[in-house]
Participant: 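Encoded as structure tokens, here's the structure I'll be asking about.
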Amino acid sequence: MKISILPSLLSADLGRLGAEIGRVAASGADALHLDVMDGHFVPNLSFSPATAALCRKVLPEGFALNTHLMMTNPEAYAERFAQAGSTTVQFHLELRERLNVRALAAALQARGVRVGLALNPETPAEAAYPFLPCADEVLCMTVHPGYGGQAFIADVLPKIAALRERAPALDIMVDGGINRETAALAARAGANAFVAGSYLFAQADMAAAVADLRAVCAAVWGRA
Ligand code: DX5
Ligand code: ZN
């Protein structure tokens, strides 16, 4: 499996946002992770389509922009984030009772955008099974979404293992509380893509930390 490392812009210094996006671009990371919060799905607010457009403007051509919609109505905004230059749009499966997951996934894929299906810590793997055929990746939250800097929830590990068993070739991403120790735990369970906000942005040398995180995860996969 390809190992991917994604710094989350939520932990950036907002006073120097353009420079921080540039720091990610120069870090050797695989994509920039952009967290979008609506104050309903999660008790916080964060970035907008304008931020996605800024990322696209600052990032070099071809650098992936991974947009994580923590919103009650992703169907109303997904197109705007696609338009702004998102490579992947992720939305949450807790909405599956009222959201037409397959239709939204198909609309994004029709315009060349990858689809990520996100699961909160309590949402079981089984919730994703019917939708795996329309997903390019699954995002397992390893904290309760809404804030950076929270502690990794190890109870999510069996779910990652179940998804990996069910879908051996699927990109499985983890998001929340990721550092070199927790990334190794998630990799051992079967994750191959790793979002890290507070850990990577706290490093004086983000490139070295990205390379180190990648090496830690690759070593686990090499052993598997
Ligand atoms: C949390 C966001 C995460 C957040 C992770 O709701 O989805 O992407 O930035 O931050 P850390 O890595 O600090 O837990
Ligand atoms: Zn996120």
Side-chain angles (χ1 to χ4, degrees), residues 3-14 17 20-21 23-24 27 29-49 51-52 55 64-72 74 77-78 81 84 86-95 114-123 128 135-157 159-160 171-187 191-203 206 209-210 212-214 216-217:
I3 305 291
S4 296
I5 309 293
L6 301 89
S8 168
L9 198 65
L10 198 58
S11 294
D13 176 353
L14 296 183
L17 196 52
E20 293 281 73
I21 296 165
R23 200 173 150 212
V24 173
S27 72
D30 299 274
L32 174 65
H33 182 81
L34 182 69
D35 287 303
V36 179
M37 304 182 186
D38 68 350
H40 293 274
F41 188 77
V42 289
N44 201 1
L45 296 160
S46 59
F47 298 128
S48 72
T51 326
C55 292
L65 178 60
N66 182 263
T67 299
H68 177 192
L69 302 182
M70 285 162 274
M71 314 182 68
T72 308
Y77 287 90
F81 283 98
S86 300
T87 316
T88 301
V89 171
Q90 303 172 324
F91 55 92
H92 273 261
L93 280 181
E94 290 73 32
L95 306 166
R114 281 167 53 89
V115 169
L117 301 179
L119 298 168
N120 281 343
E122 290 74 22
T123 305
D136 297 294
E137 66 191 31
V138 167
L139 177 69
C140 290
M141 292 304 303
T142 41
V143 296
H144 297 289
Y147 296 90
Q150 304 181 78
F152 180 83
I153 302 173
D155 291 351
V156 178
L157 293 170
K159 174 166 69 185
I160 297 168
D171 283 321
I172 301 180
M173 190 176 292
V174 284
D175 182 8
I178 296 296
N179 55 39
R180 67 196 311 279
E181 283 78 34
T182 56
L185 294 176
N192 67 301
F194 306 83
V195 175
S198 50
Y199 174 68
L200 286 178
F201 275 93
Q203 308 291 328
M206 188 188 283
V210 166
D212 173 66
L213 210 49
R214 190 188 301 287
V216 164
C217 298

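In this text the structure is predicted, and so the values were computed from the model without any measurement. Every number for a ligand or one of its atoms is a count from 1 in the order of the listing.
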Participant: I need the atoms of ligand 1 closer than 4.0 Å to a non-hydrogen atom of A196, numbered in the order shown.
Facilitator: 12 (O)

Participant: Would you call the rings of H68 and H33 parallel, tilted or perpendicular, where under 30° means parallel and over 60° means perpendicular?
Facilitator: tilted

Participant: Which residue owns the protein heavy atom closest to atom 9 (O) of ligand 1, what's the atom, and how far is it?
Facilitator: S8 OG, 2.7 Å

Participant: Should you measure from each heavy atom of G148, which atoms of ligand 1 turn up under 4.0 Å away?
Facilitator: 10 (O), 13 (O)

Participant: Rounded to the nearest 10 degrees, what's the angle NE2 of H33 makes with OD2 of D175 at the Zn ion (ligand 2)? Could you check?
Facilitator: 100°

Participant: Could you tell me whether the side chain of S198 and the main chain of S11 form a donor-acceptor pair under 3.5 Å?
Facilitator: no

Participant: Can you name the N/O/S atom of H68 that is nearest the Zn ion (ligand 2)?
Facilitator: ND1

Participant: Could you find the nearest protein heavy atom to atom 4 (C) of ligand 1 and give me its residue, atom name and distance?
Facilitator: D35 OD2, 3.7 Å

Participant: Side chains of E137 and N66: is there a donor and an acceptor less than 3.5 Å apart?
Facilitator: yes

Participant: When you measure from atom 3 (C) of ligand 1 to every protein heavy atom, which one gives the shortest distance, and what is it?
Facilitator: D175 OD1, 2.9 Å

Participant: Between the main-chain N or O of T123 and the side-chain N or O of E94, is there a donor-acceptor pair closer than 3.5 Å?
Facilitator: no

Participant: Check each of T88, T51, L6 against L34 using the side-chain contact (heavy atoms from CB on, under 4.5 Å) test, and report the only one that passes.
Facilitator: T51

Participant: Short list, please: which atoms of ligand 1 are under 4.0 Å from a heavy atom of P145?
Facilitator: 6 (O)

Participant: Run the numbers for me: atoms of ligand 1, each under 4.0 Å from some heavy atom of M70, listed by number.
Facilitator: 6 (O), 7 (O)

Participant: So is there a nitrogen or oxygen of S198 less than 3.5 Å from a nitrogen or oxygen in ligand 1?
Facilitator: yes

Participant: In terms of atom number and element, which parts of ligand 1 are under 4.0 angstrom from non-hydrogen atoms of G176?
Facilitator: 14 (O)

Participant: Can you check whether D171's main-chain N or O pairs, donor with acceptor, with N192's side chain at less than 3.5 Å?
Facilitator: no

Participant: Which part of Y147 is near ligand 1, with near meaning a heavy atom under 4.0 Å away: side chain, backbone, both or neither?
Facilitator: backbone

Participant: Looking at CG of L17 and CZ of F47, how far apart are the two atoms once the value is rounded to the nearest 0.5 Å?
Facilitator: 6.0 Å

Participant: Measure the spacing between CG of L32 and CG of L9 and express it to the nearest 0.5 Å.
Facilitator: 5.0 Å

Participant: Which atoms from ligand 1 have a heavy atom of H68 less than 4.0 Å away?
Facilitator: 7 (O)

Participant: Atoms of ligand 1 less than 4.0 Å from H33 heavy atoms?
Facilitator: 8 (O)

Participant: Can you report which non-hydrogen protein atom sits closest to atom 12 (O) of ligand 1, along with the distance?
Facilitator: G197 N, 2.8 Å

Participant: Only N/O/S atoms count here: what is the atom of D35 closest to the Zn ion (ligand 2) called?
Facilitator: OD1

Participant: Strictly distance-based, threshold 3.5 Å: is any side-chain N or O of T182 a donor or acceptor partner for the main-chain N or O of G177?
Facilitator: yes

Participant: S8 and D35: side-chain donor and acceptor closer than 3.5 Å?
Facilitator: yes

Participant: Atom CE of M141 and atom NZ of K159: how far apart are they, to the nearest 0.5 Å?
Facilitator: 10.0 Å

Participant: Just to confirm my output: which protein heavy-atom neighbour is closest to atom 14 (O) of ligand 1, and how far is it?
Facilitator: G177 N, 2.8 Å

Participant: Pull out every atom of ligand 1 sitting under 4.0 Å from any heavy atom of M141, numbered as shown with elements.
Facilitator: 7 (O)

Participant: Under 3.5 Å, is there a donor-acceptor pair between the side chain of D30 and the main chain of I5?
Facilitator: yes

Participant: Quick one: look up the protein heavy atom nearest atom 6 (O) of ligand 1 and list residue, atom name and how far away it is.
Facilitator: G146 N, 2.7 Å

